[in-house]
Amino acid sequence: MRNPAALVIFPLVAMAGCGAEPPPESVFAVQSYAQQVSVPCADVQPERRALWGDLHVHTSLSSDAWNFGVQVMPSDAYRYAFGGAVNLPGGVGEPEREVRLERPLDFAAVTDHAEFLGEQAICNDPQSPGYASGFCEVMRSGEGRAPALVMRIMSPFSSRDVDTCEADGERCGQRAERVWESTIAAAEAHQDHSSHCERTTFVAYEYSSFRMGSNLHRNVIFRNATVPQRPISYLEAHREWDLWRLLETHCNDSDTGCESLAIPHNSNISNGRMFAVDYPGASSIDEQVQRAALRARLEPVVEIMQHKGDSECRNGLAGVLGGEDELCNFEKFEGFAFTSTVGENEEVGSCYAGPLADWVPHLGPDCLTRNSYVRYALIEGLKEEQRLGVNPFKVGLSASTDTHNGIPGAVNERNFPGHLGEADSSALQRVQFDRAIPGNASNGPGGIIGVWAESNSRDSIFDALKRREVFGTSGPRIQPRFFGGWDIHADTCESPQRIALAYETGVAMGQDLPPKQASEPVFLVAAAADPGTDALPGVPLQRLQVVKGWADAQGNHHQRVFDVAGNPNNGASVDPADCRPKGEGFAQLCAVWRDPEFDAGTSAVYYLRAVENPSCRYTAHQCLQLPEDERPADCDSPFMDPVIQERAWSSPIWYTPAG
């Protein structure tokens with residue numbers, strides 16, 4: 001690893017004022033790319049059905065996939081999402097691996113990094129004038145996370161490399177437009193425009209701010225192929241509110257048919273900045289209100305789970321009251337990333353992260369705070385709504401993979417093929433908690449997003465995202481339903497028309513309870529277990545939980561977790577020595593639940609968590625697949641628990657006191 005003294009401080013200073021100037025905003029003007037006209041779907045279900053997707057997918061157009069030997073292009077990724085096969089790099093001296101998704105998805109989006117789209121094309125083109133630049137030499141070095149690349153998305157003064165991109169950056173900008181056009185074309189080619197509506201694709205990209213060492217990434221999703229002619233990257237917009245403003249100005253408010261939203265991810269490694277309650281540059285309350293409202297409009301959904309772990313919650317954080325939630329210990333990637341010695345139970349708090357640990361600091365304020373987790377952002381949003389009249393964190397909950405292999409939806413623990421090309425192409429790499437292995441066992445398969453939509457179409461799914469009738473799972477295709485109201489009948493679960501009744505008497509996940517005062521709100525909670533396939537059967541449900549959050553006058557966050565259906569003491573278990581499950585569970589669960597601690601004068605937020613019986617993490621499965629004499633020490637003493645409980649999270653329902 002490189003000398004940290006040579007890399008940490010001076011690039012942040014040296015980049016100030018250097019490089020290409022930001023381009024004029026005219027380059028983000030909307031263009032309607034060649035697209036077929038979709039006919040209405042023949043299958044439209046008013047009560048909505050669960051559709052499965054992945055809205056966080058990288059292909060070889062992302063430098064941190066290409067540098068690990070990945071050759072999967074956007075068209076290949078869409079083919080894989082809908083049941084086709086692709087080839088991934090093999091291990092050292094091994095042939096490529098053919099992989100195929102056992103159950104096709106309903107929708108997908110390729111979200112390659114906006115940063116370096118043009119640079120990578122130039123650096124791969126010996127005829128380009130920028131090909132011989134020092135930046136290109138680094139990009140071609142094969143080091144997927146080379147400091148020269150990371151610093152470009154970390155420095156608050158960053159811009160494009162002049163030798164590669166020219167003084168005005170246009171050489172890279174124009175090449176980025178050509179790559180962007182190919183991404184759009186791939187989405188259009190795989191979109192089912194017929195009335196069958198068998199598959200849906202979205203034009204999308206990732207905005208990848210790593211400002212000051214904090215993960216502030218967003219996936220930008222467009223309703224259709226009327227999109228800006230160039231994706232907006234961190235190199236043009238150093239703050240997230242600049243991204244929101246550009247998207248709103250040049251897309252959503254452009255009267256062109258362009259519409260976008262952004263989905264933040266990995267708040268768990270954002271150093272508390274993803275959900276920080278600050279408004280730099282907003283000099284008045286009115287300006288704070290405007291920015292909070294802008295965020296609420298542009299970011300209706302957050303990604304709670306992906307291959308770099310779970311961002312729901314964490315035990316032991318200051319300012320969080322209500323006791324320990326045992327299920328918050330799930331897939332804590334940051335526990336590995338922020339400790340300096342793998343395998344020891346050290347206190348999490350060292351300000352260094354993952355594969356960059358030896359040289360990239362998190363530059364304060366605190367590594368782990370409640371502002372890094374979605375549950376506490378939901379509660380903080382209640383406080384901001386009381387102060388400003390706007391809730392900037394009124395977000396639905398989703399999940400996706402963040403695969404860098406171009407294989408959307410590859411989340412099954414029992415046959416997970418890795419996520420990072422040559423860096424985890426073998427089971428031996430995937431089961432080791434070793435920072436020298438970029439695709440090490442601290443990473444997981446990630447999750448998938450579910451939506452409740454009338455049809456498998458762009459408009460229907462995009463509308464579900466906007467109204468937050470979405471959910472995330474840690475991988476299994478669990479189907480949670482969550483409704484709240486004042487008049488949901490106690491016997492609703494017994495009715496064959498229970499979903500229709502729930503829509504009639506309450507509101508679905510993602511909405512506000514109607515402004516009516518009653519003794520307490522009533523919630524319909526239900527979920528169906530993932531049935532799996534004949535070859536890979538699903539795991540039964542163990543229980544349903546309602547998670548409630550609220551804040552007190554002193555600024556503390558309060559949490560309560562209620563078991564509302566199923567049985568947390570059902571005796572189900574799994575032994576990682578053989579990964580054979582034991583015990584019974586539930587194929588379906590349903591209950592009508594009233595909040596026994598309801599306070600009509602206190603704002604609150606509720607969401608549903610559906611939890612499976614225990615099962616083996618992929619590392620346990622793959623340790624067993626290795627010959628016993630070839631298993632590394634991490635198979636016997638893993639840093640993370642080899643037994644997990646997969647789960648699904650519904651979007652929340654909010655309560656605000658009347659008046």
Side-chain angles (χ1 to χ4, degrees), residues 12 153-158 207-219 234 237-245 262-304 308-314 316-320 333-334 337-338 348-349 351-353 360-395 397 549 551 554-557 559 605 652:
L12 298 175
I153 60 172
M154 180 178 175
S155 168
F157 314 110
S158 191
Y207 165 87
S208 307
S209 166
F210 191 51
R211 182 183 172 88
M212 303 295 285
S214 300
N215 191 102
L216 299 170
H217 297 194
R218 272 100 171 146
N219 292 321
Y234 177 72
H238 289 166
R239 302 308 295 259
E240 53 272 22
W241 51 84
D242 288 329
L243 171 70
W244 304 331
R245 179 185 60 80
I263 303 176
H265 61 265
N266 279 124
S267 61
N268 60 326
I269 52 173
S270 72
N271 201 30
R273 290 192 172 109
M274 182 68 82
F275 303 123
V277 183
D278 59 359
Y279 303 90
S283 58
S284 68
I285 290 293
D286 285 346
E287 290 180 355
Q288 292 182 24
V289 169
Q290 291 171 12
R291 186 174 295 169
L294 177 64
R295 180 174 195 154
R297 290 194 299 272
L298 269 293
E299 295 192 349
V301 176
V302 67
E303 188 178 284
I304 200 169
K308 289 192 287 292
D310 160 77
S311 296
E312 180 193 3
C313 53
R314 187 180 184 93
L317 296 177
V320 178
F333 170 87
E334 67 276 18
F338 290 168
V348 175
C351 293
Y352 294 85
V360 175
H362 284 268
L363 303 181
D366 297 307
C367 292
L368 291 173
T369 77
R370 66 192 189 189
N371 290 341
S372 292
Y373 299 92
V374 174
R375 178 183 296 176
Y376 313 121
L378 293 170
I379 300 171
E380 197 67 34
L382 301 176
K383 293 168 57 181
E384 281 299 274
E385 186 168 35
Q386 291 175 347
R387 187 177 75 90
L388 299 176
V390 177
N391 184 344
F393 306 133
K394 184 165 278 190
V395 290
L397 308 186
Q554 290 71 45
N556 294 308
H557 290 190
Q559 61 183 13
V605 60

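What you see is a predicted model; the values in this text were computed from it and never measured. Values below: all heavy atoms of this structure, side chains included; hydrogens, waters and symmetry mates excluded.
- Residues Val605 and Lys394 form no side-chain contact, since every pair of their non-hydrogen atoms from C-beta on lies 4.5 Å or further apart.
- You'll find the side chain of Trp241 reaches within 4.5 Å of the side chain of Pro280, heavy atoms only.
- The shortest non-hydrogen separation linking Gly272 to Asn371 is O-CB, 3.2 Å.
- The OG atom of Ser372 lies 9.5 Å from the CZ atom of Arg314; values are rounded to the nearest 0.5 Å.
- The shortest distance between side-chain heavy atoms of Ser208 and Tyr234 does not fall below 4.5 Å.
- Nearest heavy atom pair, residue Asp242 against residue Ala237, reads CB-CB, 3.8 Å.
- A distance-only check finds no donor-acceptor pair linking the side chain of Asn219 to the backbone of His265 [under 3.5 Å].
- Separating the CG atom in Asn266 from the CZ atom in Phe210 is a distance of 10.5 Å, to the nearest 0.5 Å.
- Across Glu334 and Ile269, no two heavy atoms sit closer than the pair CB-CG2, 4.1 Å.
- Across all their heavy atoms, Arg291 and Ala282 have their closest contact at NH2-N, 4.1 Å.
- Taking all atoms of both residues into account, the shortest heavy-atom contact from Ser267 to Ser311 is OG-CB, 3.5 Å.
- To the nearest 0.5 Å, atom CG of residue Leu388 and atom CG of residue Asp286 are 10.0 Å apart.
- The nearest pair of heavy atoms linking Val395 to Glu299 is CG1-O, 3.4 Å.
- Put simply, CZ on Arg295 and CH2 on Trp244 are 4.0 Å apart, with the number rounded to the nearest 0.5 Å.
- Within the 4.5 Å cutoff, the side chain of Arg211 has heavy atoms near those of the Arg239 side chain.
- Counting only heavy atoms from C-beta outward, the side chains of Leu397 and Val302 approach each other to under 4.5 Å.
- A distance of 7.5 Å separates CD1 of Ile304 from SG of Cys313, quoted to the nearest 0.5 Å.
- Ring geometry, Tyr376 versus His557: the interplanar angle falls from 30° to 60°, so the pair is classed tilted.
- Exactly one of Lys383, Glu384, Gln288 qualifies for a side chain to side chain contact (heavy atoms under 4.5 Å, CB included) with Val277. That residue is Glu384.
- Under the 4.5 Å side-chain criterion, counting only non-hydrogen atoms from C-beta, Tyr279 is not in contact with Glu287.
- Remark: Phe393 CZ to Met274 CE distance equals 10.5 Å, nearest 0.5 Å.
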